[in-house]
2 protein chains.
Amino acid sequence: MSISEMASTPLAQGDDVVPCCPPITAGELSPADAEKTAAMFKALSDPVRLRLFSRIASHPGGEACVCDIADVGVSQPTVSHHLKKLREAGLLTSERRGTWVYYQVAPSVVATLSALLDLRD
Amino acid sequence: MSISEMASTPLAQGDDVVPCCPPITAGELSPADAEKTAAMFKALSDPVRLRLFSRIASHPGGEACVCDIADVGVSQPTVSHHLKKLREAGLLTSERRGTWVYYQVAPSVVATLSALLDLRD
């Protein structure tokens, strides 16, 4: 998929989404930017959490409820704990609709990771 | 910077560089791929380590010796410890030339992070 095609994907970033930090190739990260970026990486540094994140990122429609993603081999309370950590780190957004809470990958995550690598114009 | 321009940058990935894992948008990461990717994120989840990494990534020529990057406010042994962790996680490569060891960002890191986000064709 090309950069231009990203505009139509669930992981697309809108024009109004501002990435957290400058590219790692642009110079040394400031201590404040390093703290923010390190916290994002820390939230993704657990294998089960990363699998839950990739399930949500790859789910049709770009969102998933906990009922769609809970079978990763850990208990339901552990799944809930990981989803809470991902939300607190700003990696996921969530919305309650009826019985279920639906999770989406936060657009700023893609913006930040892309900007870190200086992959966008 | 566009994707095409990356070919001439220090962080460019060669045609022979294979990223570790499929995109997070392509489906659930396998447990094995999640382990590898989580280890990479874990190595980048410390703010000082991330600042050292960005110093090397942004240094002229795409490499730096420890003499170039040591003034991040921690002791020399701590800097050495962080560089060792980054090298062990496959994020940096190193080469001794004369008195100094020079560190480079491993091409596979950019390939893997780009592939995770499905940013390349």
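Proteins get letters first, then strands, A, B, ... in listed order; numbering begins at 1 in each. On a predicted model such as this, the values are computed, not experimentally measured, just so you know.
- For A:L50 against B:F41, the heavy-atom pair with the smallest separation is CD1-CE1, 3.8 Å.
- Looking only at heavy-atom pairs under 4.5 Å with chain A, the residue among B:G73, B:A43, B:A38 that has the most is B:A38.
- Chosen from A:K42, A:R51, A:E35, the residue pairing most often with chain B at heavy-atom distances under 4.5 Å is A:R51.
- Closest approach of A:P47 and B:A34 over heavy atoms only: O-CB, 3.7 Å.
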